Amino acid sequence: MDSLGVYVHVPFCVQKCAYCDFLSAPATREKQQAYMKALKKEITCESSSYADYEIKTIFFGGGTPSILKAEDIGEILDCIRKHYRIDKDAEITLEMNPGTATREKLTALKKAGINRLSIGLQSADNTELQMLGRIHTYEDFLKTYHDARETGFHNINVDLMSALPGQSMEIWIQTLEKVLALEPEHLSAYSLIIEEGTRLFERINEFPPIPDEDEDRRMYQETKRILAEHGYQRYEISNYARAGRECRHNMIYWQRGMGHTADYVGFGLGAASTVKNMRWKNTDDMKKYLLAFDGEKAQEIKEDIEKLSENDCMEEFMFLGLRMMGGVSKSEFQKSFGQNMDDVYGAVIQKWIRQGMLVQQGDRIRLTDAGIDVSNVVLADFLLD
Amino acid sequence: MSQIDQSKIRNFCIVAHIDHGKSTLADRIIEKTGLLTSREMQDQILDNMDLERERGITIKAQTVRTVYKAQDGNEYIFNLIDTPGHVDFNYEVSRALAACDGAILVVDAAQGIEAQTLANVYLALDHDLDVFPVINKIDLPSARPDWVKNEIEDVIGIEAQDAPLISAKNGVGIEDVLEAIVQKIPAPGGSADNPLQALIFDSVYDSYKGVIVFCRIMEGKVSKGTKIKMMATGATADVVEVGYFGAGQFIPCDELSAGMVGYLTASIKNVKDTAVGDTVTDAENPCAEPLPGYKKVQSMVYCGLYPADGAKYPDLRDALEKLQLNDASLFYEPETSIALGFGFRCGFLGLLHLEIIQERLEREYNLDLVTTAPGVIYKVYKTNGEVIELTNPSNLPDPSEIEYMEEPIVTAEIMVTTEFIGSIMELCQERRGRYLGMEYVEETRALLKYELPLNEIIYDFFDALKSRSRGYASFDYDIKGYEQSELVKLDILINREEVDALSFIVHKESAYERGRKMCEKLKDEIPRHLFEIPIQAAVGGKVIARETVKAMRKDVLAKCYGGDISRKKKLLEKQKEGKKRMRQVGNVEIPQKAFMSVLKLDDGK
């Protein structure tokens with residue numbers, strides 16, 4: 001029996017944030033209902049392809065999935081349960097924004113089967129939240145967080161962002177400490193990336209100055225130090241967890257190759273899938289998506305379909321695996337591809353070890369702290385010609 | 001053809017400053033004499049390379065024969081020889097002029113005489129050509145033909161009061177020009193009965209016919225079967241075909257005789273055998289002596305040409321070989337650079353010639369090139385008495401072995417409106433110019449004369465001249481000779497490693513300034529690496545300038561969620577692709593354009 005991770009995309013939000021380049025927009029209830037209908041049909045239609053799989057993780061991402069009613073989430077989960085086999089210990093995560101769920105809704109979500117919450121806080125400073133275009137205050141977050149704890153959620157992630165416009169080290173540490181006091185199981189802390197097409201990118205001059213690279217890196221290093229003091233291990237470039245609380249769903253994306261293979265399928269608008277070395281993406285055209293599931297028979301919505309070659313798989317094994325602080329294993333590489341990692345990447349690995357960006361420990365190769373800071377440069381080197 | 005009356009032939013060329021309408025007038029002459037209808041005319045027939053049309057200059061001499069029925073009722077044969085319009089090709093121009101009996105001087109009615117006008121007209125007068133002026137662009141609102149007429153008489157000293165006033169663009173006044181050609185340009189001399197003596201003024205390579213030699217028959221005659229000899233190169237061959245020039249085509253005929261302009265083919269495989277300026281004679285009945293004025297063409301400017309993709313080296317070699325078939329003045333030999341790999345050291349007549357070859361290689365042969373800083377030929381006198389002609393700075397001997405060095409000097413004439421005299425003089429001083437004098441051509445314009453080292457004008461002198469005179473200055477030069485000079489090799493060290501392809505020879509006094517500018521420029525061109533990169537300029541191992549490319553501190557994709565791996569991979573691929581266009585020197589990746597951007601260092605005050 002193969003393992004499967006399921007991603008469900010909810011492309012709705014109350015309001016687009018200044019830094020957001022994800023597929024998401026505000027929508028009416030009618031639109032949401034039409035989308036729900038199509039989504040359930042897609043899940044149903046696709047099920048025949050996954051008869052031999054057991055679902056290990058489900059992740060509702062967005063957008064703001066918590067904008068949907070608890071019943072909607074329940075219906076989707078019921079639909080999955082009806083057509084797929086699900087591990088009884090499956091990790092089922094819902095992304096939510098503070099202020100989008102009452103205590104009642106949280107209770108209903110828990111009942112529907114959600115057992116992990118990922119709350120997008122980003123900052124504990126209300127001025128920063130407003131600047132980013134977030135719809136909530138820190139106090140809204142506190143309420144949601146406590147409600148979630150009290151309704152029985154024992155696995156919670158909090159998203160935070162460092163290197164925000166105008167942010168000082170002091171403010172960032174305050175945010176960290178406020179959140180640490182709440183003892184979430186998991187923390188995602190990324191340093192802000194200004195993506196093209198976002199409001200932040202277009203109007204960068206209207207925002208306070210962004211911390212320079214050196215300050216950005218200091219914040220990142222401080223984050224690691226402070227979180228380690230509180231018992232959180234960095235296990236991926238931007239992710240920290242208490243022991244055993246790593247996000248299993250995201251690990252599926254990062255761990256490629258045999259030995260710990262799980263395939264993943266994405267349902268909904270623009271969702272990406274990788275199954276048995278086939279990769280595709282659903283259309284990101286909402287009209288097309290809705291129409292596809294309107295009639296008797298579902299229409300094709302898969303785009304950019306590609307078969308991963310041996311080289312593609314080796315590349316991904318390396319550049320995704322190295323995002324994990326545990327790095328990549330030579331023996332797993334050998335098992336997956338029947339080749340010695342050093343025969344393929346020996347020169348590249350040695351080059352970066354010499355420059356202090358990679359380090360070898362026994363069977364494993366991993367990024368050093370310095371290597372993380374410039375990981376794109378290092379990882380790009382693992383692409384084969 | 002033998003019945004052609006020599007007195008009804010007119011061999012002439014048109015001389016002008018760039019943009020004064022030389023090629024347009026040539027087109028009108030061809031059109032009016034009925035060789036082509038205007039519908040068949042492609043703009044500027046004679047400039048038939050794409051590059052020539054784009055740049056509005058003639059690179060290769062072109063020739064066309066037309067027949068004109070004059071007002072006296074007779075038919076005249078016109079051989080119009082269009083000459084290259086740039087100082088780089090002065091020798092070719094001089095040979096084309098030698099093939100003519102007269103010249104039309106075209107002067108822009110608004111701009112009047114420019115530096116090239118003077119240079120070209122003097123060149124024509126030196127060849128004893130009868131020159132008559134025409135005043136073009138009289139349709140321009142700013143045209144002032146009477147003023148220009150006076151200027152021509154005052155400055156050049158040729159009669160201009162009855163000069164045809166024309167607009168070549170609009171076809172106005174062309175008849176007057178045609179009549180003037182008949183009346184003012186003399187018929188060719190020479191006799192068909194003398195031994196063959198023909199001047200080669202150009203040649204092109206044709207893959208079927210071999211070299212097609214463009215020539216003016218001064219004495220004697222030539223036809224199919226004549227065994228010919230090139231007097232300077234000594235090459236001999238049997239003539240396969242003779243003919244004259246249609247518009248864009250070769251028209252065979254039975255014989256070429258004294259006074260005529262035409263071509264001959266003789267299954268010659270290499271343009272080197274048919275050097276421009278050489279004399280063709282009958283091997284069995286040779287003329288007593290060759291025509292005067294033959295010079296071996298010498299490359300003035302050298303640079304390294306390297307394929308951006310090392311694997312394209314054989315393609316570059318093939319392309320250079322093909323270009324050389326048609327261009328005897330292009331020189332190349334293989335060389336190796338530590339930074340750039342395998343490539344060629346190439347010699348050119350001048351910077352324009354270099355740019356043209358570079359562009360043709362890129363366009364016609366689809367090659368991506370890295371060009372090193374162009375330099376001139378330096379003469380290195382060694383202590384052991386040996387003299388080296390240095391074309392590649394990397395080959396400069398150790399200073400301890402050098403007695404002294406010499407560099408080529410040019411005599412330059414710069415025409416400039418009086419308001420810019422100051423800034424142009426300043427430019428010439430900066431470029432180590434030696435002031436020779438200044439003449440006022442008229443109240444508002446002066447002709448500045450300077451001696452300048454060639455290596456100071458090959459980079460960006462022309463650009464600097466234009467930018468400091470708001471485009472008004474014009475410029476022409478002649479090679480004067482070699483002079484002893486305090487020269488040093490400026491080396492560039494990137495991350496403490498010398499980059500051979502960036503070394504160049506510079507005057508001792510300019511070394512610091514140039515070194516500083518190079519470092520500044522390279523600092524902007526070299527991307528940040530994971531480590532700090534010092535960029536140093538050094539002379540004889542002593543660092544004279546330094547800049548630093550700061551280390552990159554952050555390049556990380558913080559967020560990698562949602563399983564859309566393709567997008568992340570594309571980002572990494574882009575990063576890797578960028579690296580491919582770089583040259584690795586030690587640990588440092590240098591973008592290819594860095595090797596070229598350092599050529600333009602004038603800050604254009």
Side-chain angles (χ1 to χ4, degrees), chain A residues 5 7 9 22-23 59 61 161-163 188-193 195 212-214 216-217 220 236-238 249-250 252-254 256 264-266 270-274 279-281 304 306 308 312 315-316 319-320 323 355-357 370-383 385, chain B residues 307-312 341 368 494-497 523-534 548-592 594:
Chain A
Y7 176 78
H9 190 66
F22 284 112
L23 193 54
F59 195 102
M161 273 188 196
S162 63
S188 294
Y190 9 88
S191 76
L192 175 71
I193 298 179
E195 301 277 5
D212 68 16
E213 281 183 8
D214 289 337
D216 174 314
R217 289 296 94 187
Y220 182 77
E236 193 263 357
I237 288 177
S238 307
H249 184 79
N250 279 333
I252 291 176
Y253 296 143
W254 300 323
R256 303 292 301 152
Y264 58 89
V265 59
S273 305
T274 303
R279 164 165 302 151
W280 67 88
K281 231 185 118 192
D304 302 338
E306 59 171 330
L308 299 181
D312 290 333
E315 288 170 0
E316 290 178 12
F319 82 71
L320 291 169
R323 291 189 65 88
Q355 296 196 32
M357 301 299 161
I372 290 169
D373 291 344
V374 292
S375 48
N376 285 348
V377 182
V378 180
L379 299 180
D381 237 4
F382 284 90
L383 297 183
D385 284 319
Chain B
D309 173 1
K312 292 274 173 71
D368 224 345
I494 293 179
N495 206 23
R496 297 186 178 79
E497 278 201 51
K523 183 191 170 196
D524 294 338
E525 291 291 344
I526 295 174
R528 292 194 301 162
H529 283 52
L530 301 185
F531 43 88
E532 188 177 281
I533 304 168
T548 307
V549 178
K550 276 174 63 180
M552 175 167 60
R553 298 299 314 279
K554 179 197 175 192
D555 186 3
V556 53
L557 186 65
K559 221 189 282 187
C560 185
Y561 289 163
D564 189 357
I565 307 304
S566 301
R567 199 168 143 192
K568 323 290 179 230
K569 192 170 157 182
K570 271 184 198 128
L571 196 121
L572 296 178
E573 271 166 356
K574 216 168 132 190
Q575 192 140 13
K576 187 170 166 139
E577 206 42 52
K579 262 184 141 178
K580 272 194 187 157
R581 285 192 294 272
M582 309 240 194
R583 294 290 176 152
Q584 179 103 24
V585 176
N587 276 335
V588 182
E589 320 258 356
I590 305 176
Q592 286 171 357

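What you see is a predicted model, and the numbers here were worked out from it, not measured in a lab. Atom set for the values below is all heavy atoms of this structure, side chains included, hydrogens, waters and symmetry mates excluded. Quick note on labels: first sequence line is chain A, next is B, and so on, each numbered from 1.
- More than 12 heavy-atom neighbours from other residues, nucleotides or ligands sit within 6.0 angstrom of NZ on B:K554.
- Residue B:K574 does not touch chain A at all, counting heavy-atom pairs closer than 4.5 Å.
- Contact annotation for A:I252: neither backbone nor side-chain heavy atoms come within less than 4.5 Å of a heavy atom of chain B.
- Minimum heavy-atom separation, A:Q355 to B:L530: OE1-CD1, 4.3 Å.
- A salt bridge between B:K550 and A:E213 is absent, with no side-chain N of the basic residue lying under 4.0 Å from a carboxylate O of the acidic one.
- A:D312 is listed as a side-chain neighbour of B:K569, based on a closest heavy-atom distance under 4.5 Å.
- Taking 4.5 Å as the limit, every side-chain heavy atom of A:L379 sits out of range of all side-chain heavy atoms of B:Q575.
- Contact count against chain B (heavy-atom pairs under 4.5 Å) is highest for A:D214 among A:T274, A:D214, A:D381.
- Taking CD of A:E315 as the start and CD of B:E573 as the end, the distance is 7.0 Å to the nearest 0.5 Å.
- The distance from the NZ atom of B:K576 to the CG atom of A:N376 is 14.0 Å, given to the nearest 0.5 Å.
- A:Y264 and B:I565 get closest at one heavy-atom pair: OH-CG1, 3.3 Å.
- One distance of note links OH of A:Y190 with CG of B:L557; it measures 11.5 Å at 0.5 Å rounding.
- At least one side-chain heavy atom of B:S566 sits under 4.5 Å from a side-chain heavy atom of A:R279.
- Options A:L192, A:I193, A:I237 differ in how many heavy-atom pairs under 4.5 Å they form with chain B, and the most are formed by A:I193.
- Atoms CG and CZ, on B:L571 and A:F319 in that order, are 10.0 Å from each other to the nearest 0.5 Å.
- Residue A:L383 touches chain B through both its backbone and its side chain, counting heavy-atom pairs closer than 4.5 Å.
- For A:D216, the part lying under 4.5 angstrom from a heavy atom of chain B is the side chain only.
- The shortest non-hydrogen separation linking B:V556 to A:S375 is CG2-OG, 3.2 Å.
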